[in-house]
Amino acid sequence: MPELPEVETVRCALKIGLDGAHVTAVGGKSVMMRRPLDLQLLTARLTGAGFVAARRRGKSLLLDFDTPGSLMIHLGMSGRMMLCDAAESALDHTHLVLDLSDGRELRFVDPRRFGLAVWLEPGEETIDPSLRSLGIEPLDSALEELLPPLLHARRSPVKSLLLDQRLVAGVGNIYAAEALWRAGIRPTRKGSQTSLQRLRRLAIITREVIEEAVAQGGTTIRDYATPSGDFGYFAVRLQVYGKEGQPCPRCSIRLKDTRIAGRTTVWCPGCQR
DNA sequence: CCAGTATCCTGCAGGC
DNA sequence: TGCCTGCAGGATACTG
């Protein structure tokens with residue numbers, strides 16, 4: 001479900017929604033997610049903790065409390081954060097529940113369990129495997145300087161490179177397809193056979209797409225929603241994602257779909273070279 | 001080290 | 001109606 005813009009939207013909502021909140025109790029089921037969900041540890045660290053800040057790195061959320069360490073959450077494909085009244089009945093696959101002092105609950109729901117909810121002790125943030133190797137943030141102004149040489153040094157399709165979190169942190173299947181279409185670059189083109197000039201343009205366009213999507217509150221395809229249940233409105237701006245078979249908005253050639261690195265990729269054979 | 005594939009899991013749409 | 005297949009916003013363990 002969630003790429004950078006969706007996670008950023010959730011972060012902003014939690015920052016406001018959790019302001020002044022205290023955790024009174026921790027609940028859920030110790031299920032197997034991408035890593036085991038350790039409710040014992042989470043309960044020990046979070047009970048009584050007051051919310052302080054919500055941060056984001058790539059597609060990971062980091063929630064800080066007035067206790068050392070942080071709660072790291074990754075939404076995977078189907079993960080969702082919900083901020084709701086405790087009386088509201090819980091959805092299926094609600095794995096973690098933080099009871100709040102004001103009668104609300106923060107719930108982490110993830111049917112497919114590709115997500116993650118992990119307590120990071122102080123210092124673990126820099127060594128955790130899913131954080132330590134993340135590449136540059138697309139919103140960082142150094143992107144157009146740092147990314148092109150990295151892509152140019154690789155022989156994989158540019159599409160795979162954009163999805164590689166070790167190179168750029170936060171781009172997923174939707175925004176990779178959109179950025180490549182806007183940049184006029186064929187997704188199967190190899191990094192090494194794309195000029196630095198074009199890669200620089202791709203980097204700039206990638207940031208633009210991500211910025212626009214953040215401004216629209218992300219993209220709702222089927223079930224993405226903010227913690228209060230709102231949808232993202234970037235879907236109306238998608239030009240190629242999910243539109244295979246339709247005419248290209250730029251050149252009217254029929255959009256094709258190909259599988260690259262195991263992911264469906266929609267692109268235009270007419271104007272993406 | 002690099003590149004490509006298989007895999008984890010549930011839900012849903014589409015074909016028959 | 002039901003059963004089957006394949007695909008879905010992601011990351012990583014494994015192969016060659």
Side-chain angles (χ1 to χ4, degrees), chain A residues 1-11 29-37 56-61 72-81 90-95 108-118 128-135 138 150-180 187-193 206 209-210 213-214 216-226 231-238 240-245 257-266:
Chain A
M1 168 210 310
E3 306 182 30
L4 190 156
E6 291 74 39
V7 178
E8 178 62 16
T9 304
V10 170
R11 185 192 72 79
K29 302 165 288 198
S30 289
V31 291
M32 187 61 187
M33 311 215 26
R34 214 165 80 218
R35 294 184 216 167
L37 181 64
R56 180 192 58 74
R57 177 76 175 97
K59 299 173 191 171
S60 290
L61 266 177
M72 174 174 70
I73 296 212
H74 192 293
L75 301 174
M77 287 281 250
S78 57
R80 192 176 156 190
M81 301 300 289
L91 293 179
D92 276 351
H93 310 291
T94 299
H95 302 128
F108 175 40
V109 186
D110 183 10
R112 292 179 69 182
R113 287 187 264 142
F114 289 176
L116 212 56
V118 171
D128 188 273
S130 60
L131 291 178
R132 71 168 177 228
S133 54
L134 288 179
L150 292 179
L151 303 194
H152 198 65
R154 305 286 221 95
R155 266 172 281 262
S156 302
V158 214
K159 168 78 185 311
S160 314
L161 299 175
L162 282 182
L163 293 180
D164 188 338
Q165 303 299 300
R166 295 167 301 184
L167 303 176
V168 221
V171 178
N173 209 29
I174 295 178
Y175 301 110
E178 294 298 312
L180 286 164
T188 49
R189 178 177 282 281
K190 302 192 187 313
S192 53
Q193 58 173 219
T206 299
V209 172
I210 299 277
V214 169
Q216 298 300 309
T219 303
T220 296
I221 298 293
R222 51 179 69 78
D223 53 8
Y224 162 74
T226 68
F231 302 126
Y233 292 99
F234 192 75
V236 299
R237 300 218 200 166
L238 294 178
V240 290
Y241 181 85
K243 300 189 186 290
E244 60 277 10
D257 65 329
T258 315
R259 271 189 104 71
I260 300 174
R263 319 288 305 273
T264 294
T265 305
V266 184

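Numbers restart at 1 for each chain; the letters A, B, ... are given by sequence-line order, proteins then strands. As the structure is a prediction and not an experimental result, all values here were calculated from the model.
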Can you find a side chain N or O atom of A:Y175 that sits less than 4.0 Å from OP1 or OP2 on C:dG9? no
Just wondering, do A:F114 and B:dC8 stack (centres under 5.5 Å, planes under 30°)? yes
Record whether the side chain of A:R154 comes under 3.5 Å of the base of B:dA3 through a donor-acceptor pair of N or O atoms. no
May I ask you to evaluate whether A:R222 reaches the phosphate of C:dG9, defined as a side-chain N or O under 4.0 Å from OP1 or OP2? no
Side chain to side chain contact (heavy atoms under 4.5 Å, CB included) with A:R80: which of A:T94, A:L91, A:D110, A:T226? A:L91
When you match A:R35 and A:R259 each to their closest nucleotide on DNA chain C, which lands nearer the 5' end? A:R259
What nucleic acid atoms does A:G262 come within less than 4.0 Å of, heavy atoms only: base, sugar-phosphate, or nothing? nothing
Is it the case that the side chain of A:T220 and the backbone of A:Y224 share a donor-acceptor pair, with hydrogens and angles ignored and the cut-off at 3.5 Å? yes
Need one value for A:S133: base, sugar-phosphate or nothing, where a base atom within 4.0 Å counts as base even if backbone is also close, heavy atoms only. nothing
For A:E178 and C:dG9, what is the distance between atoms CD and P respectively, to the nearest whole Å? 12 Å
Can you tell me the distance, in whole Å, between the CG atom of A:D110 and the P atom of C:dG9? 15 Å
Check whether any side-chain nitrogen or oxygen of A:H74 sits under 4.0 Å from OP1 or OP2 of C:dG10, and answer yes or no. no
Short side-chain to backbone donor-acceptor contact, A:Q165 and A:V171, under 3.5 Å: yes
So does A:I174 get a backbone contact from the side chain of A:E3, meaning a donor-acceptor N/O pair under 3.5 Å? yes
Mate of C:dG9 across any strand shown (Watson-Crick or G-U wobble, both atom pairs under 3.5 Å) is none
Give me the residues of residues 156-170 of chain A where at least one heavy atom lies under 4.0 Å from an atom of DNA chain B, by number, or none. A:S156, A:P157
Write down the distance separating the C1' atoms in B:dG11 and C:dT12, rounded off to the nearest Å. 23 Å
Show the distances under 3.5 angstrom between N or O atoms of the protein and N or O atoms of nucleotides 11-15 of chain B.
{"residue": "B:dG11", "atom": "OP1", "partner": "A:H93", "partner atom": "NE2", "Å": "2.9"}

Distance between P atoms of B:dA3 and C:dG9 (Å, rounded): 23 Å
Is any side-chain N or O of A:K190 closer than 4.0 Å to OP1 or OP2 of B:dA3? no
Is any side-chain N or O of A:K59 closer than 4.0 Å to OP1 or OP2 of C:dG10? yes
Without swapping roles, check the side chain of A:E178 against the backbone of A:V240 for a donor-acceptor pair under 3.5 Å. yes
Approximate separation, where rounding is to 0.5 Å, of A:L75 CG and A:L116 CG: 10.0 Å
I'd like to know if A:R113 reaches the base of B:dC9 with its side chain such that a donor and an acceptor end up less than 3.5 angstrom apart. no
Distance-only, no hydrogens or angles: does the A:T188 side chain make a donor-acceptor pair with backbone N or O of A:P157 under 3.5 Å? no
Whole angstrom value for the distance that separates P of B:dT7 from CE of A:M77: 16 Å
Taking all atoms of both residues into account, what is the closest heavy-atom pair of A:L163 and A:G172, and its distance? CD2-C, 3.3 Å
Partner set under ring pair (Phe, Tyr, Trp, His ring centres under 6.0 Å) for A:F234, not counting sequence neighbours: A:Y175
Specify the separation, in whole Å, of atom CD of A:Q193 and atom P of B:dA3. 13 Å
So does A:R35 have more than 12 non-hydrogen atoms from other groups sitting under 6.0 Å from CZ? yes
For C:dA8, does OP1 or OP2 lie under 4.0 Å from any side-chain N or O of A:T264? yes
Between P of C:dA11 and CG of A:L4, the distance in whole Å: 11 Å
To the nearest Å, give me how far apart CZ (A:F231) and P (C:dG9) are. 19 Å
Going by purine N1 to pyrimidine N3 plus the second Watson-Crick contact, or the G-U wobble pair, all under 3.5 Å, which nucleotide sits opposite C:dC3? B:dG15
Using whole Å, report how far CG of A:L61 lies from P of C:dG10. 15 Å
Is the backbone of A:R263 close enough, under 3.5 Å, to the side chain of A:T265 for a donor and an acceptor to pair up by distance? yes
Rounded to whole Å, the CG-C1' distance (A:L116 to C:dG10) equals 11 Å
